[in-house]
Amino acid sequence: MPQPGRAAAALSAAGAAHGLPARTLYAVPPPGTGFTTADLHSGAQLMYYGGDVVEAALAVVLGVGWYTAGGRARARRSRQDAKVRSGPGPVLAGRAGVR
């Protein structure tokens, strides 16, 4: 799992990079297209706001992944600490020193 700071920066950069073509498409339709200006505006708005929704969903998925990974690591540490506090387990007869 990537570090939260790097992933957040990459997610922000991707959102900005995705929003720029949408705004440009809305402001200046590409020459030579067979689409009406209203269709291009609708497509640009869908691209702009839809990208925001996808970006927010991806941020939630990444956050849940980091949260659960942290919880598993914390649980693993507490289990290991409990084993250390309780001492070694029982020695089974006939197993000591067997290689």
Side-chain angles (χ1 to χ4, degrees):
M1 183 84 28
Q3 293 179 349
R6 286 185 181 180
L11 192 59
S12 296
H18 191 262
L20 183 64
R23 287 184 298 219
T24 303
L25 182 64
Y26 189 88
V28 183
T33 61
F35 299 105
T36 65
T37 304
D39 287 341
L40 290 172
H41 284 181
S42 296
Q45 286 178 340
L46 179 64
M47 184 175 167
Y48 186 79
Y49 294 114
D52 288 347
V53 170
V54 169
E55 185 178 349
L58 185 58
V60 167
V61 168
L62 287 173
V64 167
W66 291 323
Y67 182 77
T68 57
R72 284 192 302 266
R74 186 175 302 117
R76 190 178 318 111
R77 281 192 304 269
S78 67
R79 282 193 308 266
Q80 289 171 349
D81 290 345
K83 284 181 183 178
V84 169
R85 282 189 296 248
S86 67
V91 177
L92 299 176
R95 292 287 187 185
V98 175
R99 295 186 184 185

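The structure presented is a predicted model; accordingly, all values stated were derived computationally and were not measured.
The minimum heavy-atom distance linking Ala44 with Ala22 is given by the pair CB-O, 3.4 Å. Shown here for Glu55 and Ser12, the closest heavy-atom pair between the two residues is OE2-CA, 4.1 Å. Residues Tyr26 and Gln45 approach most closely at CE1-NE2, 3.8 Å, considering heavy atoms.
Using a 4.5 Å cut-off between side-chain heavy atoms of Ile, Leu, Val, Met, Phe, Trp and Tyr, with links allowed through other members, Met47 and Val54 fall into different hydrophobic clusters.
Within the model, atoms CG of Leu11 and CG of Leu58 stand 5.0 Å from one another, a figure rounded to the nearest 0.5 Å.
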